[in-house]
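Because only heavy atoms are used, hydrogens play no part in the values below, and waters and symmetry mates are left out as well, while side chains stay in.
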Amino acid sequence: ASLQVTCNCIFVRDSTRLWYQKGLPGLANNFKDAGKVIGELLDQLGAGQRMGAGSSAGGFAVLGWGRSLKLDHSLVFSPQTSILPSDKILKDTRWIKFVWKSWLQVDRTLDVAQGKYFSDQLSVRVIYPNAVKQDRYQAERLAGFSGVSLDARQSDNHSIVRVLRD
């Protein structure tokens, strides 16, 4: 027997590679407004149960928009939780040229590891590779927030979602 599921999906991609700091071209000019636009689309679709999923910068967006989108569940893979240039602990040079571009934006959201992004109504599962120091640090910043569960996997690959798929 096969299971049929009816659902609406909204896919977004940040072609600027700036953690949605420039929004969504043609729809929104910054991170916060992009979340509002997506929320309005979900409302128009009459979305009941709402789920967000994202990897890396997409995980950053799902975490930052989760509460305002009224998501029930979020599944994020190796998300950045901070792109603050001042976060010396990160010592993360993988995205430095993009971080500095986004730092120059006027209206920016650079740290989603804050209580205002989480609630008892939102279930968040964070899957990350335990052998990638930066990913482990980013994920573990979410420990202790309501509804968040951390799931470390044996891997040294930032693209943990590909590892799980294969």
Side-chain angles (χ1 to χ4, degrees), residues 8-14 16-25 27-92 94-96 98-128 133-152 158 160-161:
N8 293 305
C9 298
I10 298 173
F11 294 93
V12 296
R13 181 174 179 263
D14 182 9
T16 66
R17 300 183 69 184
L18 293 173
W19 295 268
Y20 297 90
Q21 300 303 301
K22 287 190 169 187
L24 297 168
L27 297 173
N29 294 320
N30 59 53
F31 185 87
K32 188 174 181 180
D33 289 347
K36 286 180 186 175
V37 167
I38 295 168
E40 290 167 2
L41 288 171
L42 289 171
D43 291 342
Q44 289 172 16
L45 291 169
Q49 284 279 319
R50 297 177 180 204
M51 180 179 176
S55 180
S56 196
F60 176 89
V62 169
L63 292 169
W65 294 330
R67 192 169 181 179
S68 66
L69 295 179
K70 299 176 239 150
L71 296 179
D72 298 292
H73 308 284
S74 293
L75 178 61
V76 295
F77 303 88
S78 304
Q80 283 87 54
T81 57
S82 171
I83 56 170
L84 287 166
S86 61
D87 196 339
K88 304 283 190 236
I89 296 171
L90 285 175
K91 296 182 181 150
D92 196 338
R94 294 178 291 176
W95 306 284
I96 197 70
F98 302 118
V99 169
W100 285 109
K101 280 184 192 175
S102 102
W103 181 250
L104 299 173
Q105 303 304 310
V106 176
D107 185 6
R108 58 191 180 274
T109 300
L110 301 175
D111 188 347
V112 295
Q114 301 173 37
K116 68 182 179 180
Y117 295 109
F118 302 95
S119 73
D120 291 335
Q121 291 75 42
L122 174 59
S123 164
V124 179
R125 184 171 178 196
V126 182
I127 300 175
Y128 62 98
K133 183 174 131 182
Q134 295 93 339
D135 288 341
R136 188 175 61 247
Y137 169 77
Q138 294 273 12
E140 290 175 353
R141 294 180 73 236
L142 301 174
F145 285 111
S146 180
V148 175
S149 65
L150 302 179
D151 186 351
H158 171 72
I160 189 71
V161 71

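- Qualifying side-chain contact (heavy atoms from CB on, under 4.5 Å) partners for V62, counting only residues two or more places apart in sequence or in other chains: L71, S74, V76.
- Side-chain N/O atoms of S82 and Q138 include no donor and acceptor closer than 3.5 Å.
- From F11, atom CZ reaches atom CD1 of I38 across 12.5 Å, with rounding to the nearest 0.5 Å.
- Take F77 and apply the ring pair (Phe, Tyr, Trp, His ring centres under 6.0 Å) test, not counting sequence neighbours, and it matches no residue.
- Side-chain N or O atoms of Q44 include none that pairs as donor or acceptor with a backbone N or O of L42 at under 3.5 Å.
- Residues passing the salt bridge (Lys or Arg N to Asp or Glu O under 4.0 Å) test with R136, sequence neighbours excluded: none.
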Which atom pairs, donor and acceptor, lie under 3.5 Å between side-chain atoms of residues 45-53 and protein residues at least two apart or in another chain?
unit_1	atom_1	unit_2	atom_2	d
R50	NH1	L69	O	2.8
R50	NH2	D43	OD1	2.7

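- Within the 4.5 Å cutoff, the side chain of F60 has no heavy atoms near those of the T81 side chain.
- Taking every heavy atom of both residues into account, Q80 and V112 meet most closely at O-CG2, 4.2 Å.
- D14 places a side-chain N or O within 3.5 Å of a backbone atom of Y20 that can act as its donor or acceptor partner.
- Closest approach of G23 to A34, counting heavy atoms only: CA-CB, 4.0 Å.
- By the side-chain contact (heavy atoms from CB on, under 4.5 Å) test, S123 is found to be paired with H73, residues two or more places apart in sequence or in another chain being considered.
- Electrostatic pairing of D111 and R141 counts as a salt bridge here, judged by a charged N lying under 4.0 Å from a carboxylate O.
- At least one side-chain heavy atom of V12 sits under 4.5 Å from a side-chain heavy atom of L24.
- Qualifying side-chain hydrogen bond (donor to acceptor under 3.5 Å, both in side chains) partners for S149, counting only residues two or more places apart in sequence or in other chains: none.
- Contact annotation: the side chain of F118 never approaches that of R67 to less than 4.5 Å [non-hydrogen atoms, C-beta and beyond].
- By the 4.5 Å heavy-atom criterion applied to side chains, F31 and W65 are counted as neighbours.
- Between D33 and N30, the shortest heavy-atom contact is N-OD1, 2.8 Å.
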Between Y128 and E140, is the side chain to side chain contact (heavy atoms under 4.5 Å, CB included) condition met? List the steps. CA-CA 9 Å; Y128 62 98; E140 290 175 353; 3.5 Å; yes

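- Considering every non-hydrogen atom in both S78 and I160, the closest pair reads OG-CG2, 3.2 Å.
- Note that CG of L75 is 9.0 Å distant from CG of D151, once rounded to the nearest 0.5 Å.
- Summarising the geometry of L150 relative to A139, their closest heavy-atom pair is CD2-O, 3.5 Å, with the distance given to 0.1 Å.
- Between G66 and L122, the shortest heavy-atom distance links the atoms C-CD2, 4.0 Å.
- Within the 4.5 Å cutoff, no side-chain heavy atoms of V124 are placed close to those of F145.
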